[in-house]
Peer 1: 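Please see the structure below; I have some questions.
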Amino acid sequence: MRNQFFRRALWTVMGMMLVMSGCSGGGTEGSTEIPAPEKSGPPKQGGTITIAYKQEPDTFDVHKSNGASVTDELAGLMGGTLVYVDPVTREIKPYLAESYKISPDGKMWTFTIRSGITFSDGTPLTAKTFKETFDRILDPKTQAKATQAMLESLKEVKAPDDQTLILELKEPFAPLLLNLSVPGWLQPLSVKAIEEAGPDYGRHPLGVGPWKLESWQPGQSITFARNDKFKWPEPFYENQGPVRPDKLVAKFIIDYQTTMAALDSGTIDVALNVQAKDAKKYRNSDKFEVLEKMRSGIGLFLEMNMKTEALRDVQVRKALNMAINKQAIIQAALQGEGEVAHSLLPPTFFGFDKAVEELDYKFNQEEAKKLLDKAGWKVNAEGIREKNGQTLSLTLLSRERQAKESQLVQSMLGELGIKVKINSMEPGAMLDTAIKGDFDLTVMAYDHIDPDIFYMFFHSSQIGGFNFSSIKDAKLDELAELGRRTVDPEARKQVYSEAQRYMIEQAYIIPIYIDKQFFVVNKRVKGIKVSQDRLLFNDAWVDQ
């Protein structure tokens, strides 16, 4: 599996998405769709919506991208997928495919492609388009770092006619249907447009989605214009025609405070990932609307590096779990806007085992101290734990946005006699450092919806990738692989139940919280909605 794709699975700084349900072998409970702001009168045509992003895409040739989440999110405005995730039920349903079926052995997936769909230049979408797109991803010459991992289960792609697409798998792979719902990475591309643009295709993309690229000012902004030919939005939208605004502008602002100042001044209309303390202020504003949702994933957990000798002792890992007061961190860092995490999976995920709420380690510093004593780590004259002449000193890899959480962890472990040094970096450098394994502890987060996150983070094949902790555990490998191969929902659920319980038994991570995510919108913009992982604009309009 290629590293760069899963940048989205790490932070909202990188993030991820996706859901699993029905015959794909999964599903999740409840709804994460957030109601749109209240409307004032009938929707209007025209106007511009401006949104601030911290990061700029590297290219809109998504097969050549480095895998940053912003690329998928913005490229997705111009794309579409075979299937989509219903934002209310979280079921995976046909979209650019009008139907699909999966063979009983899970190895043959047949999609019937909708007729009447075109690229923004009028080129018809066919099954051959998807075959050419997927073949390009799988071709080693493409070096499709951000997308190849999503299709690694494919053995062959066939398109016997314009409407029939056949995906032959090497073996059953439950997360595939979910992967096929990602509108940025796995949208159909026009090989003709790629050949005509050559190396410049990344700045001259062509898609079947509601927006088309108008201009790109490097380091400043990207402007998208309405695709007037677009008349096939997903059925959950009220507006079943082209989008209403004339333009959508992605403005790149790295600094958080500058973003909030731009929101207040009206320079931008939408601020993403607003901090809880600020969201409270905007809730009482007549000028702004606050959209919120619980993260589809885990907002903070600590990973422990198995290359660190002290952390290879399960008793030490258990002690660290008991040392963390999760509720205190939620109150101090999130203003109480979050929930305690007990597992790598949140309660909204398919496969979440409610029993982990009781099995998870409870805050108990006295018991933690006893475990460290038993493991041979005694408090020396300076108040630091020591064993065989070595002090228990750990480096905590962090980033500025989670400075408070890191300081609280530092303090809590300090009360046990563990010396913690915080190494704070900007997100990209932090990710690279984590991949190299240059840490003892690291703060981590992810956005996803399928329990296959176990494979991404902890399968031994991902060491040197996103198995930052260098965990090599045969039983965990077996469970992660089985979860991928098991298509039957109930059987798959049992696999992940066992995986969660085993992770707690081994104390490999310290799950801390599931946070709320806040988006602040100027009330002149109506109808924006929030799905599991991105903003939805097809019902949006500007009250000019």
Side-chain angles (χ1 to χ4, degrees), residues 300-326 328-329 360-400 402-425 429-444 457-458 460 462-477 502-512:
L300 179 65
F301 63 99
L302 295 182
E303 290 200 44
M304 293 180 264
N305 197 337
M306 294 302 104
K307 292 179 181 178
T308 302
E309 184 177 356
L311 298 178
R312 289 199 288 267
D313 186 335
V314 68
Q315 300 304 318
V316 174
R317 299 198 300 270
K318 288 179 179 180
L320 266 60
N321 267 272
M322 293 179 182
I324 303 302
N325 187 334
K326 301 177 184 181
I329 292 176
D360 186 23
Y361 299 94
K362 306 299 185 293
F363 174 58
N364 189 332
Q365 289 201 330
E366 292 307 311
E367 186 61 30
K369 291 175 182 177
K370 291 178 183 178
L371 286 174
L372 290 173
D373 287 338
K374 186 177 180 181
W377 291 97
K378 307 292 185 178
V379 178
N380 63 20
E382 286 75 38
I384 305 299
R385 295 274 171 178
E386 185 178 298
K387 180 179 180 181
N388 299 329
Q390 297 291 319
T391 59
L392 189 48
S393 301
L394 304 174
T395 298
L396 172 61
L397 184 60
S398 184
R399 60 171 182 155
E400 182 181 353
Q402 287 173 313
K404 181 170 287 187
E405 289 93 324
S406 297
Q407 290 163 6
L408 289 166
V409 168
Q410 181 186 49
S411 175
M412 290 170 186
L413 295 184
E415 292 181 23
L416 298 187
I418 300 173
K419 187 175 182 179
V420 177
K421 177 185 176 183
I422 298 172
N423 183 12
S424 184
M425 298 183 173
M430 181 188 171
L431 177 61
D432 291 338
T433 302
I435 289 173
K436 293 174 184 175
D438 292 340
F439 67 91
D440 298 311
L441 305 172
T442 181
V443 299
M444 198 52 62
F457 278 134
F458 301 118
S460 61
Q462 303 309 299
I463 294 175
F466 290 128
N467 183 346
F468 306 125
S469 299
S470 297
I471 294 172
K472 191 171 184 180
D473 185 314
K475 182 171 181 178
L476 196 53
D477 278 358
Y502 184 70
M503 286 288 289
I504 291 175
E505 177 186 318
Q506 295 300 313
Y508 279 132
I509 65 170
I510 305 174
I512 297 178

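All residue numbers refer to positions in the sequence shown, counting from 1.
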Peer 1: Once you measure the plane-to-plane angle for Phe457 and Phe466, does it fall in the parallel (<30°), tilted (30-60°) or perpendicular (>60°) bin?
Peer 2: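 Because their plane-to-plane angle is over 60°, the rings of Phe457 and Phe466 count as perpendicular.
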Peer 1: More than 12 non-hydrogen atoms from neighbouring residues, nucleotides or ligands closer than 6.0 Å to NZ on Lys362, yes or no?
Peer 2: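 More than 12 within 6.0 Å, yes.
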Peer 1: Leu397 and Ala434: which non-hydrogen atoms are nearest, and at how many Å?
Peer 2: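 Nearest pair, atom of Leu397 first, then Ala434: CD2-N, 3.8 Å.
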Peer 1: Which value, rounded to the nearest 0.5 Å, describes the distance between Leu441 atom CG and Leu394 atom CG?
Peer 2: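 Rounded to the nearest 0.5 Å, the CG-CG separation comes to 5.0 Å.
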Peer 1: Is a side-chain N or O of Gln410 found less than 3.5 angstrom from the main chain of Val420, in a donor-acceptor match?
Peer 2: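 Such a contact is found between Gln410 side chain and Val420 backbone.
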Peer 1: To the nearest 0.5 Å, how far apart are CD1 in Ile510 and CG in Leu300?
Peer 2: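 The CD1 atom of Ile510 sits 9.5 Å away from the CG atom of Leu300.
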Peer 1: Minimum heavy-atom separation for Ile324 and Leu413, please, with both atom names.
Peer 2: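 Looking at all heavy atoms of both residues, the shortest contact is CD1-CD2, 4.1 Å.
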Peer 1: Using salt bridge (charged side-chain N to carboxylate O under 4.0 Å, His left out) as the criterion, list what pairs up with Lys475, not counting sequence neighbours.
Peer 2: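 For Lys475 the salt bridge (charged side-chain N to carboxylate O under 4.0 Å, His left out) partners, ignoring immediate neighbours, are Glu498.
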Peer 1: So which heavy atom on Ser398 is nearest to which on Ser406, and how close?
Peer 2: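 So the two residues come closest at OG-OG, 2.5 Å.
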Peer 1: Is Lys387 atom NZ crowded by more than 12 heavy atoms from other residues, nucleotides or ligands, each under 6.0 Å away?
Peer 2: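 Result for NZ/Lys387: enclosed.
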Peer 1: Looking at residues at least two apart in the chain, or sitting in another chain, which of them share a side chain to side chain contact (heavy atoms under 4.5 Å, CB included) with Val314?
Peer 2: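 If we apply the side chain to side chain contact (heavy atoms under 4.5 Å, CB included) test to Val314, skipping adjacent residues, the hits are Arg317, Lys318, Gln506.
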Peer 1: Check salt bridge (charged side-chain N to carboxylate O under 4.0 Å, His left out) between Asp438 and all other residues, then give those that pass, not counting sequence neighbours.
Peer 2: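 Applying salt bridge (charged side-chain N to carboxylate O under 4.0 Å, His left out) to Asp438 gives none.
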Peer 1: Hey, mind stepping through Val443 and Leu302 against side chain to side chain contact (heavy atoms under 4.5 Å, CB included) and telling me if it holds?
Peer 2: CA-CA 5 Å; Val443 299; Leu302 295 182; 3.8 Å; yes
Peer 1: Residues two or more places apart in sequence or in another chain: which of them pass side chain to side chain contact (heavy atoms under 4.5 Å, CB included) with Ser469?
Peer 2: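 Counting only residues at least two positions away or on another chain, Ser469 forms a side chain to side chain contact (heavy atoms under 4.5 Å, CB included) with Glu303, Asn467, Ile471.
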Peer 1: Partners of Asn364 by side-chain hydrogen bond (donor to acceptor under 3.5 Å, both in side chains), sequence neighbours excluded?
Peer 2: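 If we apply the side-chain hydrogen bond (donor to acceptor under 3.5 Å, both in side chains) test to Asn364, skipping adjacent residues, there are no hits.
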Peer 1: Using the side-chain hydrogen bond (donor to acceptor under 3.5 Å, both in side chains) criterion, which residues pair with Lys326? Sequence neighbours excluded.
Peer 2: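 Listed in chain order: Asp360.
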Peer 1: If I compare all heavy atoms of Ser393 with all of Asp440, which pair ends up nearest, and what's the gap?
Peer 2: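 Heavy-atom minimum between the residues: O-OD2, 4.1 Å.
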Peer 1: Name all residues meeting the side-chain hydrogen bond (donor to acceptor under 3.5 Å, both in side chains) criterion together with Glu405; count only those two or more places apart in sequence or in a different chain, and write none if there are none.
Peer 2: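 Per chain and number, Glu405 pairs via side-chain hydrogen bond (donor to acceptor under 3.5 Å, both in side chains) with Tyr513.
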Peer 1: Sort and list the pairs that fulfil salt bridge (Lys or Arg N to Asp or Glu O under 4.0 Å) and have at least one residue in residues 373-386, not counting sequence neighbours.
Peer 2: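 Listed once each, the pairs are Asp373-Arg385.
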Peer 1: Which residues pass the salt bridge (charged side-chain N to carboxylate O under 4.0 Å, His left out) test with Glu366, not counting sequence neighbours?
Peer 2: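 In terms of salt bridge (charged side-chain N to carboxylate O under 4.0 Å, His left out), with neighbours along the sequence ignored, Glu366 is linked to Lys369.
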Peer 1: So does Ala319 get a backbone contact from the side chain of Tyr361, meaning a donor-acceptor N/O pair under 3.5 Å?
Peer 2: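 Not confirmed, Tyr361 side chain does not pair with Ala319 backbone.
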Peer 1: Could you pull out the closest heavy-atom pair between Ala323 and Leu416, with the gap in Å?
Peer 2: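 Distance-wise, the nearest heavy atoms are CB-CD1, 3.3 Å.
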Peer 1: I need the minimum non-hydrogen distance between Met412 and Asn325, along with the two atoms involved.
Peer 2: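 Shortest heavy-atom separation between Met412 and Asn325 comes out as SD-N, 3.3 Å.
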Peer 1: Output all residues satisfying side-chain hydrogen bond (donor to acceptor under 3.5 Å, both in side chains) with Glu367, sequence neighbours left out; order by chain, then residue number.
Peer 2: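 Partners of Glu367 under the side-chain hydrogen bond (donor to acceptor under 3.5 Å, both in side chains) test: none.
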Peer 1: With sequence neighbours left out, write down each residue that passes side chain to side chain contact (heavy atoms under 4.5 Å, CB included) with Asp477, or none if nothing qualifies.
Peer 2: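 In terms of side chain to side chain contact (heavy atoms under 4.5 Å, CB included), with neighbours along the sequence ignored, Asp477 is linked to His459, Ser460, Glu481.
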Peer 1: Tell me, yes or no, whether the heavy-atom count around Glu415 atom CD, taken from other residues, nucleotides or ligands under 6.0 Å, exceeds 12.
Peer 2: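 Yes.
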Peer 1: What residues form a side chain to side chain contact (heavy atoms under 4.5 Å, CB included) with Lys307, not counting sequence neighbours?
Peer 2: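 Residues passing side chain to side chain contact (heavy atoms under 4.5 Å, CB included) with Lys307: Asn305, Ser470.
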